[in-house]
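These notes are about the structure you will find just below.
Just so it is clear, the values below take in all heavy atoms, side chains as well, and ignore hydrogens, waters and symmetry mates. Small disclaimer: the values here were computed from a predicted structure and weren't measured.
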Amino acid sequence: MASEMKVVGADKFISGQHKLMAALPKQVESLIRSTAASTQQQAQRLEPVKTGFLRRQTKVTVTKKVWHIRGTVSANAYNGNFNYGYAQENGTKYIKPKLFMYQAFETHKNVFIGNLKAVLHV
């Protein structure tokens with residue numbers, strides 16, 4: 001006794017899912033790029049300014065591999081071997097920490113998570 005089952009519209013559903021999955025990495029990459037850029041701008045606004053060198057050295061780097069996209073904001077302003085950006089962020093025995101990168105990250109963290117959930121439909 002053989003039983004048969006037929007699903008109507010499954011091919012349309014599957015092709016629709018493939019289209020969504022194909023567009024997803026582009027949307028996530030765009031979200032990461034825009035969030036990293038706005039985090040960079042926030043960090044630059046919060047950075048202590050003496051000469052503007054630290055602001056000019058605050059950079060965004062986005063690396064993309066097959067299923068891995070990383071956005072990095074860094075403020076590495078070197079004077080010889082001394083990382084001025086690190087010293088301003090974390091402080092030294094002579095200056096208090098400014099926490100400009102931490103504040104910029106915290107400002108954008110929850111917004112990014114919410115936007116990512118919207119893109120992923122979670």
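- Considering every non-hydrogen atom in both N83 and A75, the closest pair reads OD1-O, 3.9 Å.
- In the displayed structure, F53 atom CZ is contacted under 6.0 Å by more than 12 heavy atoms of other residues, nucleotides or ligands.
- Rounded to the nearest 0.5 Å, atoms OG1 (T92) and CD1 (I95) are 4.5 Å apart.
- Residues passing the side-chain contact (heavy atoms from CB on, under 4.5 Å) test with Q103 are L46, L99, sequence neighbours excluded.
- In the displayed structure, R56 atom CZ is contacted under 6.0 Å by more than 12 heavy atoms of other residues, nucleotides or ligands.
- Within the 4.5 Å cutoff, side-chain heavy atoms of E106 are placed close to those of Y102.
- Nearest heavy-atom pair, I69 versus P25, reported as atom, atom and distance to 0.1 Å: CD1-O, 3.9 Å.
- For the atom pair NZ (K64) and CD (E29), the distance works out to 4.0 Å, reported to the nearest 0.5 Å.
- Note on L120 and F112: same hydrophobic cluster, where clusters join Ile, Leu, Val, Met, Phe, Trp and Tyr whose side-chain heavy atoms are under 4.5 Å apart, directly or indirectly.
- Closest non-hydrogen pair, F100 versus P48, comes out as CD2-CD, 4.1 Å.
- One distance of note links CD of E47 with CD of Q42; it measures 10.5 Å at 0.5 Å rounding.
- Using a 4.5 Å heavy-atom threshold, the side chains of I32 and L116 count as separate.
- Between Q40 and K59, the shortest heavy-atom contact is NE2-CA, 3.9 Å.
- The two atoms that bring A104 and A43 nearest to each other are CB-N, 3.7 Å, heavy atoms only.
- With R70 contributing its side chain and T63 its backbone, the two residues share no donor-acceptor pair below 3.5 Å.
- To the nearest 0.5 Å, atom OG of residue S34 and atom NE2 of residue H108 are 9.5 Å apart.
- Here the side chains of V119 and N115 are not in contact, with every heavy-atom distance at 4.5 Å or above.
- Considering every non-hydrogen atom in both V73 and M101, the closest pair reads O-CE, 3.1 Å.
- Taking CD1 of I113 as the start and OG1 of T35 as the end, the distance is 10.5 Å to the nearest 0.5 Å.
- The side-chain contact (heavy atoms from CB on, under 4.5 Å) search around N90 returns Y86, not counting sequence neighbours.
- Side-chain N or O atoms of S30 include none that pairs as donor or acceptor with a backbone N or O of K26 at under 3.5 Å.
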